[in-house]
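Proteins get letters first, then strands, A, B, ... in listed order; numbering begins at 1 in each. Atoms considered below: every heavy atom in the structure, side chains included; atoms not considered: hydrogens, waters and symmetry mates. Because the structure is predicted, anything quoted here is derived from the model rather than measured.
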Protein chains: 2
Amino acid sequence: MNLGEELPSSSRSAAIRWLSNEYHEHNGSSYAVLQSPPTALEFSRLVHVSRPVLIKGYPLPALERWSDSYLIDAMDGKEFSVAVTPDGRADGITPGLDGKRYFVEPHVEKMAMPTFLSHLAQGSETSLDSGIRYLQSQNGNLYSSTEDDSEFDVLRKDVPRDVPWCTEALDRSPDAVNLWIGDSRSVTSIHSDPYENIYTVVRGAKHFTLLPPTEGWCLQERSYPHAQYTRDNPDSSLSLAPSPPSVPNVRWSSISNPHLPGNLPPEAHPIYITVNAGETLYLPKGWWHHVRQAPDITIAVNWWYDVESSGMDWVLLRFLRGPEEVAEWDAEEGSV
Amino acid sequence: MNLGEELPSSSRSAAIRWLSNEYHEHNGSSYAVLQSPPTALEFSRLVHVSRPVLIKGYPLPALERWSDSYLIDAMDGKEFSVAVTPDGRADGITPGLDGKRYFVEPHVEKMAMPTFLSHLAQGSETSLDSGIRYLQSQNGNLYSSTEDDSEFDVLRKDVPRDVPWCTEALDRSPDAVNLWIGDSRSVTSIHSDPYENIYTVVRGAKHFTLLPPTEGWCLQERSYPHAQYTRDNPDSSLSLAPSPPSVPNVRWSSISNPHLPGNLPPEAHPIYITVNAGETLYLPKGWWHHVRQAPDITIAVNWWYDVESSGMDWVLLRFLRGPEEVAEWDAEEGSV
């Protein structure tokens with residue numbers, strides 16, 4: 001029996017808005033800052049509260065080691081997968097040549113570390129020609145619970161497989177550990193993940209814009225056809241290729257830039273947190289996040305841990321996400 | 001700003017039913033049984049899941065000591081407050097002589113331990129004359145965060161002021177620690193508390209009937225006028241005295257006996273847990289509970305800990321509880 005279909009969307013919507021307002025009235029927009037990593041027990045309490053926490057002083061060997069020359073030496077010419085887009089907006093909503101809006105995945109190219117880092121260092125001078133690079137493969141590219149191999153196995157000695165206080169608090173190992181390298185030209189569009197996320201910046205800085213799970217209704221999720229950037233060779237320009245109809249539509253926020261005045265309704269209360277090198281963000285399950293990066297090369301690693309499956313967490317996140325089916329985006333809705 | 005008034009009750013009701021169904025589909029009616037007390041970290045995880053847990057092996061000096069003769073000797077003739085009712089139903093809904101239904105508090109009499117225990121031991125033979133006794137003062141009668149004195153200070157050496165693994169998990173001390181002594185003639189009507197509750201049975205057994213916070217809508221909360229049992233002297237019979245209009249109405253479930261077929265709708269999924277002597281129940285915040293006792297003298301102690309105030313707990317419990325205002329009970333609604 002599933003009564004989910006029987007909840008009128010107007011009722012769900014009214015209830016979500018009530019919860020959204022009450023949650024903000026009760027919690028405000030503050031976040032905790034810890035001067036040193038929590039114990040497992042302290043972190044367990046923070047997971048229960050499920051609000052973002054900026055954690056200082058979590059030591060990571062990579063913090064001391066990952067200069068350009070170290071990375072180049074360690075990788076020793078080995079190629080890895082890099083996302084390439086014309087505008088730094090992978091996994092976001094972009095209009096195609098036909099005027100329709102698509103959820104577009106990046107083109108992926110193999111590249112060695114010296115080439116990649118020099119692309120980032122050259123900045124905007126070369127981007128128009130060959131595209132903007134972002135190492136963001138987010139498939140457990142450092143460690144994965146389902147895959148032994150890693151394009152970055154030589155860097156594993158600099159990044160522990162898990163975060164001990166988080167593993168002990170949650171009583172589970174991370175599903176995926178990811179390496180991210182990019183610069184300010186790459187932006188991550190606003191979305192939420194069903195994971196407890198520990199995010200450490202190694203070099204540069206990440207600027208997070210966060211909304212609680214209760215405020216997802218402000219983000220106008222719509223259903224978008226899927227597309228991918230492609231090109232014939234690394235020197236030609238990228239084109240947006242709509243995927244065949246067999247590829248399912250993607251549900252995504254229509255708000256490309258939550259910082260533009262008027263793009264979020266007044267009931268949204270974004271929290272802005274800059275995570276500098278050496279700092280770690282606890283980004284709780286279901287929190288919406290938009291991420292920008294410092295102009296310099298920004299390097300980060302993150303650990304994704306599965307959400308507690310018992311109790312209310314899953315049920316509530318599903319409820320707050322809104323109806324299973326969302327409408328296709330309608331050009332009449334205006335610009336995003 | 002409080003938009004709470006603006007949530008139509010039909011929307012809230014539809015949303016609660018959806019959550020109620022999804023929560024049950026996701027969690028079922030099982031509960032965990034631990035063979036020994038959890039560590040603070042393990043308990044912190046259990047608090048996050050917020051489902052009942054039966055815990056064996058939590059040692060309490062009272063378990064070894066509290067025979068009738070020990071209690072009589074320790075109390076040394078000191079009198080204490082005992083609830084007296086004609087039917088064992090304190091703090092529940094009872095019709096008055098005028099046919100109206102009232103939320104009735106018990107008459108309270110001072111009594112020494114030998115008299116009290118002999119009342120319980122004599123069972124139904126004497127109850128019709130002098131009323132049914134239940135030590136249930138539930139005001140932190142052993143320890144209170146707001147009151148130093150205790151009618152049972154001489155028993156404090158047998159009951160620790162807090163439960164170490166709970167105190168450490170929640171990072172706070174209990175608000176109140178209570179002693180309960182009664183028998184099967186006394187029943188606790190179904191209600192919920194905004195506390196994390198640790199409940200240890202010392203002698204006898206308690207039979208809990210539990211519903212999750214999501215199923216509170218099954219319990220027909222209504223607004224009832226307040227009353228109290230009174231009598232002129234300990235030998236006269238008890239009468240139900242409606243309180244003056246200045247005493248506010250009490251919001252309470254109209255379901256006196258959730259075990260009678262048809263009293264709960266099919267969407268309610270009660271969990272039945274018997275807690276025997278030496279066993280401890282973790283009864284999470286907001287869970288509805290109806291409690292019966294073994295025919296023998298049943299003695300229990302409980303620790304109430306404040307709920308985490310940050311995050312979603314409070315907001316969600318308020319939402320699930322339904323509108324702030326509930327209707328007065330209407331005789332047309334039928335028997336309870």
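One finds a salt bridge joining B/Glu308 and B/Arg172 here, because a Lys/Arg side-chain nitrogen approaches an Asp/Glu carboxylate oxygen to under 4.0 Å.
Between chain A and the residues B/Gly311, B/Ser310, B/Ala169, the largest count of heavy-atom pairs under 4.5 Å involves B/Gly311. Residue with the most contacts toward chain B among A/Ala14, A/Ser10, A/Pro212, A/Gly28: A/Ala14 (heavy-atom pairs, distance under 4.5 Å). For the options A/Ala15, A/Ser13, A/Ser44, heavy-atom pairs under 4.5 Å to chain B are most numerous at A/Ser44. Taking B/Met312, B/Arg45, B/Arg51 one by one and counting their heavy-atom pairs under 4.5 Å with chain A, the maximum is reached by B/Arg45.
Checked against the 6.0 Å centroid criterion, the rings of A/Phe43 and A/Tyr282 qualify as a close aromatic pair.
Proximity to chain A is limited to the backbone of B/Leu170, based on heavy atoms less than 4.5 angstrom apart. Contacts between A/Ser50 and chain B at a heavy-atom distance below 4.5 Å are absent for every atom of the residue. When heavy atoms are compared at a cutoff of 4.5 Å, B/Thr214 approaches chain A solely by way of its side chain, counted from C-beta outward. Interface remark: A/Asp313 contributes side-chain atoms only to the contact with chain B (heavy atom separation under 4.5 Å). Both the backbone and the side chain of A/Glu168 come within contact range of chain B, with heavy atoms under 4.5 Å apart.
The side-chain tip of B/Arg222 does not point at the ring of B/Trp252 from less than 6.0 angstrom away and within 45° of straight on.
Considering only heavy atoms from C-beta on, A/Trp303 comes within 4.5 Å of A/Thr200 through its side chain. Side-chain contact between B/Arg12 and B/Trp217 is absent, with no heavy atoms from C-beta onward closer than 4.5 Å.
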Next on the checklist: Between A/Val163 and A/Trp165, is the side chain to side chain contact (heavy atoms under 4.5 Å, CB included) condition met? List the steps.
Outcome noted: CA-CA 6 Å; A/Val163 180; A/Trp165 37 269; 3.3 Å; yes
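Between the side chains of A/Asn197 and A/His289, no donor-acceptor pair is found at a separation under 3.5 Å.
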